[in-house]
Protein chains: 2
Amino acid sequence: MMDNQDDGVPNRSDSVQLSRRAKDKLNGTRARNQGARKSEITRARILDAAAEVFMEKGYALARIGDIAKKAGTQPSSIYYYFDSREAVVEEVLSIANNRTDRSVRRAIEALHKTADLRARITAAIHGQVDSVLSGDPYTAAHMRIFDQIPPKMREHFLRILDENAELWRALLFEAQQNGLLRPEIDISVARLLLFGMMNWSIEWYKPGRMTPDDVAEQVALLFLDGTFVRDR
Amino acid sequence: MMDNQDDGVPNRSDSVQLSRRAKDKLNGTRARNQGARKSEITRARILDAAAEVFMEKGYALARIGDIAKKAGTQPSSIYYYFDSREAVVEEVLSIANNRTDRSVRRAIEALHKTADLRARITAAIHGQVDSVLSGDPYTAAHMRIFDQIPPKMREHFLRILDENAELWRALLFEAQQNGLLRPEIDISVARLLLFGMMNWSIEWYKPGRMTPDDVAEQVALLFLDGTFVRDR
DNA sequence: AACAATTTCGAATATGATTTCGAAAAAATT
DNA sequence: AATTTTTTCGAAATCATATTCGAAATTGTT
């Protein structure tokens, strides 16, 4: 269903975690063997299945057997590719982070050079909301399970999330410098509230009545101008 | 620490779930015995402890042993008061729902009769945000574990949440009828986005720099007027 | 076709948690 | 003080799942 050929993971041979066993084999005999990627496909299938199961069941209720079943394999086979259940989660989240970050950047870059801040912020919102609501199991799983994962992993990804947030900080800071924001607004709080609107949307959004872009439009409208009509 | 004498649970003898054993005893011999409430205190202590543990660890990582320890008792003792781990969770969430609903209603009722819609919405926001960020373990636990609980319970509480939302729907509908809202706004989406801002805040809020009321003020500002300065 | 490496799988293991149970302790009642 | 009821607790039973392991099957190489 959902493929994951290119997820922005920078350097596959670094980022991919093979089990101890597979690693030993690979290093031991012939390191530069290209045929070894035959069943990277299975690996990807397991990750895809994991993302879907996490999206559907959350972290705690996602049995490793569920993942295996959806991937069409056995629980024990998963351990050929991953050291542990946690390692699977970790990679799913990592891929999700990359996808979301890329979605936001792409949306901004698709704009004309001349686009003003209002347009850039709006584009960024569309990028983020699309990523959350597109139906991609990775990004959906990310939103669903993020606060269910073990503390250590959570901290790790909080750091990554914070790095990605730099883009948003810069946007809002620039808007403030240019006098575009109402003076009562605290931009660091506003940014977090904006994330609340966007990320929480997965809790209630159901495809049908509205597209993700429709939702994004409402978010942008609300964030920039609020709901109340202007005086006079 | 946190007590729970009166949580708005309408009819204690109905709402409280005793274990099969305790129930049998009670019905069998003397139903209208008032002395039986001696150790309702323990029951409350267990609930308080559970709320704290759920708040701190989430649903999956909250062991029944953790709850027992924090309550100063044994795991097996908890089963004297509750049929299962789930029954504990269910009551914690039920109490949390009542508290939040009450917090919102109280904030509105504290207003003058003459208060306009803008003031009423602002008050409601303060009530909700206070409830989420006040540090009450019940409401905090609710936000933290809601999407981690088993599907069946989740549906149950979604229904309750939806009933409580009626108050918000009415507020926004009235605002719309009075022509106070910008026409592009979809009030059902706006309401959900507002909830996103408020409920997600527990993910990032740390006491110190801002009070819950400070946060609520920013939420109200953003929701009503947006972040951008008005044209001209 | 023979050989070597990779991948799959079923069975066994290990671990950790909820829950049950019956007896002991504490509290209330007579 | 004796008796009954309520409450606590430790030990065991139960259950579920992640993980390991070695052997089989598959795939790739010469």
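Every chain is numbered from 1, with letters handed out A, B, ... down the list of sequences.
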Using distance only, find each side-chain donor-acceptor pair of residues 147-164 of chain B under 3.5 Å and give its atom names and separation, not counting sequence neighbours.
from: B:Q148; atom 1: OE1; to: B:Y59; atom 2: N; distance (Å): 2.9
from: B:Q148; atom 1: NE2; to: B:R144; atom 2: O; distance (Å): 2.8
from: B:D162; atom 1: OD1; to: B:R169; atom 2: NH2; distance (Å): 2.6

Listing, residues 189-205 of chain A side-chain donor-acceptor contacts under 3.5 Å, not counting sequence neighbours, or none:
from: A:N199; atom 1: OD1; to: A:Q128; atom 2: NE2; distance (Å): 3.1
from: A:S201; atom 1: OG; to: A:M198; atom 2: O; distance (Å): 2.6
from: A:Y205; atom 1: OH; to: A:M210; atom 2: O; distance (Å): 2.6

Figure out the [atom1]/[atom2] separation between [X] and [N], and round it to whole Å.
| X | N | atom1 | atom2 | value |
| --- | --- | --- | --- | --- |
| A:Y81 | C:dT6 | OH | P | 12 Å |
| A:R85 | C:dA14 | CZ | P | 22 Å |
| A:E40 | C:dT6 | CD | P | 13 Å |
| A:I41 | C:dT7 | CD1 | C1' | 13 Å |

Side chain to side chain donor-acceptor pair (under 3.5 Å) partners of B:D101, counting only residues at least two apart
B:R105
Please identify each residue that fulfils side chain to side chain donor-acceptor pair (under 3.5 Å) with B:S134, with sequence neighbours left out.
none
Not counting sequence neighbours, which residues clear salt bridge (charged side-chain N to carboxylate O under 4.0 Å, His left out) with A:E56? List them please.
A:K70
Contact check, residues 68-76 of chain A vs DNA chain C, heavy-atom distance under 4.0 Å, returns A:T73, A:Q74, A:S76
CD/B:Q74 to OH/B:Y79 distance, rounded to the nearest 0.5 angstrom?
13.0 Å
Under 4.0 Å from OP1 or OP2 of D:dT8: is there any side-chain N or O of B:Y80 that close?
no
